[in-house]
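The block underneath contains the structure these notes are about, expressed in structure tokens.
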Amino acid sequence: MQLHSFFNSSTSYRVRIALALKGLSYEYLPVNLRKQEQRDAGYVAKNPSAGVPLLVDGDTQLSQSLAIIDYLDATHPEPRLIPAGTLARARVLELSDAISCDIHPVNNMRILRYLQEVLGATDEQKTAWYHHWIREGLTAVEALLARHGHGAYCFGDAPTLADCCLVPQVANAQRMGCDLSAYPRILRIHEHCGAQPAFQQAAPARQPDFSL
């Protein structure tokens, strides 16, 4: 397998966690989002979304992190990251979607770049935008964990897709200087995950294209 990735991309980070948890080896192919390499014609021909990650597995090419992780769960089912049980599956997807649909899309690099380069937002306005959506989103995630979460991870004593989504989002929020003190459950899970080898292996600082 090959993974087109950027070290600081939270969506790529999700997939790296899933691959590490499943013990799957792959070739890391960096795509520098800061240099807009995702918009190169050759890359867009492979991934019309012009983003990362992109997983290549033989003749299969898949973009979109949650679709990739679902594919990995189907092709390499141990350990399972999306539960088979109806309600357990729904709870994991509910929390994962709260991050991947409500928080990430409005705070990713291309949105922040558009705010400044096209709409003329200042650095202060960009930061205020980012912090606002982190508060909105993580308040909901914390409430979902209070209502349904349990165990060392989001849902029990084994990681799921929810943890694959949560850890990168917290890492981004910390990097952007967000105050996360109102989210003790989120921080506890993030700290626990950070002590596990698979999560450490997937971390941005461990990637071959890492730069400050």
* Does some side-chain heavy atom of I99 sit less than 4.5 Å from a side-chain heavy atom of V141? -> yes
* To do: Assess the side chains of D57 and Y71: does a donor N or O sit below 3.5 Å from an acceptor N or O?
  => yes
* Answer yes or no: is there a donor N or O on one side and an acceptor on the other, between the side chain of N108 and the main chain of I111, under 3.5 Å? => yes
* Asked: Does the side chain of T60 reach to within under 4.5 Å of the side chain of L62, using non-hydrogen atoms?
  -> yes
* Asked: Taking the side chain as C-beta and beyond, is there a heavy-atom pair between C165 and L95 under 4.5 Å?
  -> no
* Aromatic ring pairing Y153/F199, orientation class (parallel under 30°, perpendicular over 60°, tilted between) -> parallel
* Asked: Okay, side chain of Q207, backbone of F7: is any donor-acceptor separation there less than 3.5 Å?
  -> no
* Is there a side-chain contact between R89 and I82, using heavy atoms and a 4.5 Å cut-off? -> yes
* Asked: Do Q201 and R16 have side chains that get closer than 4.5 Å, going by heavy atoms?
  -> no
* Is R135 paired with D179 through a side-chain N to carboxylate O contact shorter than 4.0 Å? -> no
* Nearest heavy atoms of C154 and D163, plus distance in Å -> N-OD1, 2.9 Å
* Would you call R91 and E94 a salt bridge, using N to O less than 4.0 angstrom? -> yes
* **Between D123 and Q116: side-chain donor-acceptor atoms closer than 3.5 Å** => yes
* To do: Under the ring pair (Phe, Tyr, Trp, His ring centres under 6.0 Å) rule, what do F155 and H148 come out as? Steps first, then yes or no, please.
  => CA-CA 8 Å; F155 299 101; H148 305 298; 7.6 Å; no
* Partners passing side chain to side chain contact (heavy atoms under 4.5 Å, CB included) against T11 (at least two apart in sequence or in another chain) -> S9, R14, P53, S65, H104
* To do: Taking the side chain as every heavy atom from C-beta outward, state whether N172 and Y130 have any atom pair closer than 4.5 Å.
  => yes
